[in-house]
> 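Encoded as structure tokens, here's the structure I'll be asking about.
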Amino acid sequence: MNVLVIGSGAREHALCRSLSLDPAVTALHCAPGNAGIAEVAELHQVDAMDGEAVSALAVALGAELVVVGPEAPLVAGVADAVREAGIPVFGPSKEAAQLEGSKAFAKDVMAAAGVPTARSYVCTTPEEVAEALDAFGAPYVVKDDGLAAGKGVVVTDDLEAAAAHAAGCERVVIEEFLDGPEVSLFAITDGVSVLPLQPAQDFKRAFDGDEGPNTGGMGAYSPLPWADPKLVEEVLETVLQPTVDELRHRGTPFSGLLYAGLAITGRGVRVIEFNARFGDPETQVVLARLKTPLAGVLKAAATGDLADLPALRWSDDAAVTVVIASHNYPGTPRTGDPITGLAEVAAEDAPHAYVLHAGTKYAADDRDTVVSAGGRVLSVTATGTDLTEARERAYRALGRIGLDGSQHRTDIAAKAAAGA
Ligand code: AMP
Ligand code: GLY
């Protein structure tokens, strides 16, 4: 199978890595990719937001499957353009991707499908905002309605800060605070059948101890030893299948990856958000544990053949990933700094630990030097017989990497590994 992956993050590197290990994949392309993906796939230049350009590239390459990684092209309709060109594509239509593109739309779908989520108000004026904040009380949860790369949500006890965030957005969703641990559960769907993957936990805050601002995600682990073994089945029945059914009944079937961000509250599971694509960094740990070759699974979702697929096979290993971010992330990151130690990790830590690239590129004048080119730069991923071993391997590998001014969390999966 000839596969084209669209995107340039650590998620796309993880996808390309798994696809490159799949014997069914005979050619692997990625656009635009990054310095790490270049080691497993052939890179191409494309504007990932331009559906015509992406479908033209797919046709020119003879792609038999296109995987659209990030949310922005999906919300812009890039998957539709590829589908119109007659090429199977893994990723939802523009209309179905509104599940991520608009929090108000997602709330409407959940209400219609009876999916448990936080009570909420959609507000467009300061008066409505003030009323909603008052109705729920602290802690306040204020969400920009549109796409914001994981940075549009403010959770705070400070009424003024909550109102200020709302004032900076056109339309906001203000909702009830959900208490309890968070779980990310991904499901692959063709619009009818739903195949849940293994759950993972993401660390959204920038600093140790869940302090600091929200980010796109600073690390993740899987499995979740503390979670109820029936969690996946429950979420399939109460969240994933009803949501997929609702979108199909609306005439906008969702095919691709449905990501449920969940809070396990004292009153049961609640949806915090939906995303329309693989999560980053959770994908790095979920794919590290998937034994079934990936290409056939994604292709079956793209062609509506998921019901015929045998059950997925999973490794008993645990996986941990730790993100290395640029100086000042999630603010405007500093870029262009050289990254050292990548060859040492490949020599000393493989195959149990490896580096997945996000914001990296080759230095302009030197193909041997990789430099930082974004907020989240690298994702150091490791597997082990349990979370303790996977953590040790991830942090040992991370210790070999040099990036001036960079930051990372030191407590990824620490509590879960300690059985807390
Ligand atoms: P979102 O972009 O909706 O995933 O929100 C980002 C993060 O904000 C989530 O992972 C949670 O940590 C936090 N958050 C969002 N909604 C709520 C809520 N209703 N209650 C508590 N925390 C929330
Ligand atoms: N890890 C959070 C996200 O992908 O949105």
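From a predicted model like this one, the values you see are computed outputs, not experimental measurements. Whatever order the structure lists them in is the order used to number ligands and atoms, beginning at 1. Positions are given from 1, in the same order as the sequence printed here. Atoms considered below: every heavy atom in the structure, side chains included; atoms not considered: hydrogens, waters and symmetry mates.
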> Are any of the side-chain heavy atoms of Lys103 and Ser120 separated by less than 4.5 Å?
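Sidechains of Ser120 and Lys103: no contact.
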> Under 4.0 Å, heavy-atom basis, I'd like to know which part of Arg277 is in contact with ligand 2: side chain, backbone, both or neither.
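Looking at Arg277 and ligand 2, just side chain atoms fall under 4.0 Å.
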> Just which atoms of ligand 1 are under 4.0 Å from any heavy atom in Phe177?
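Going through ligand 1 atom by atom, the ones under 4.0 Å from Phe177 are 20 (N), 21 (C).
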> Give a yes or no on whether the backbone of Gly9 and the side-chain of Glu12 come within a donor-acceptor separation of less than 3.5 Å.
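Indeed, once roles are kept as given, a pair shorter than 3.5 Å links the two residues.
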> Quick one: does ligand 1 sit under 4.0 Å from the side chain of Asn214, the backbone, both or neither, non-hydrogen atoms only?
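Within the 4.0 Å criterion, Asn214 contacts ligand 1 through side-chain atoms alone.
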> Evaluate the side chain to side chain contact (heavy atoms under 4.5 Å, CB included) criterion for residues His29 and Asn2: first the C-alpha distance (whole Å), next the side-chain angles of each, then the deciding distance (0.1 Å), finally the verdict.
CA-CA 8 Å; His29 303 276; Asn2 182 332; 3.2 Å; yes
> Hey, is Lys204 touching ligand 2 through its side chain, its backbone, both or neither, going by heavy atoms under 4.0 Å?
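The part of Lys204 near ligand 2 is the side chain, not the backbone.
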> How are the rings of His408 and Tyr395 set relative to one another: parallel (under 30°), tilted (30 to 60°) or perpendicular (over 60°)?
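Taking Tyr395 first and then His408, their aromatic rings sit tilted (interplane angle of 30° to 60°).
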> Under a heavy-atom criterion of less than 4.0 Å, does Arg270 contact ligand 1?
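Contact absent.
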> Any idea which atoms of ligand 1 are less than 4.0 Å away from a heavy-atom of Glu175?
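Close to Glu175: 16 (N), 17 (C), 18 (C), 19 (N).
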> Taking 4.0 angstrom as the limit and counting only heavy atoms of Lys103, give me the atoms of ligand 1 inside it, by number and element.
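Heavy-atom distances to Lys103 below 4.0 Å select 1 (P), 2 (O), 3 (O).
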> Hey, are Glu175 and Lys107 close enough for a salt bridge, meaning a charged N less than 4.0 Å from a carboxylate O?
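Salt bridge flag = yes for Lys107 with Glu175.
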> Looking at Lys143, which atoms of ligand 1 are within less than 4.0 Å of one of its heavy atoms?
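Counting from 1, the qualifying ligand atoms are 3 (O), 15 (C), 16 (N).
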> Is it the side chain (CB and beyond), the backbone, both or neither of Val141 that lies under 4.0 Å from ligand 1, heavy atoms counted?
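For Val141, only side-chain atoms sit under 4.0 Å from ligand 1.
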> Closer than 4.0 Å to some heavy atom of Glu182 - which atoms of ligand 1 meet that?
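Going through ligand 1 atom by atom, the ones under 4.0 Å from Glu182 are 9 (C), 10 (O), 11 (C), 12 (O).
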> Could you say whether the N/O atoms of Ala118 and ligand 1 ever approach to under 3.5 Å?
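N/O-N/O distance under 3.5 Å: no.
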> Going by the atom numbers of ligand 1, which of them fall below 4.0 Å from some non-hydrogen atom of Ile272?
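This gives 3 (O), 15 (C), 16 (N) as the contact atoms.
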> Going by the atom numbers of ligand 2, which of them fall below 4.0 Å from some non-hydrogen atom of Gly279?
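Counting from 1, the qualifying ligand atoms are 4 (O).
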> Short list, please: which atoms of ligand 1 are under 4.0 Å from a heavy atom of Val153?
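Result: 1 (P), 2 (O), 3 (O), 5 (O), 6 (C), 8 (O), 15 (C).
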> Does even one non-hydrogen atom of Arg205 get within less than 4.0 Å of ligand 1?
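For ligand 1, residue contact (heavy atoms, under 4.0 Å) with Arg205 is absent.
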> So is Glu273 polar-close to ligand 2, meaning N/O to N/O under 3.5 Å?
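Not met; the criterion fails.
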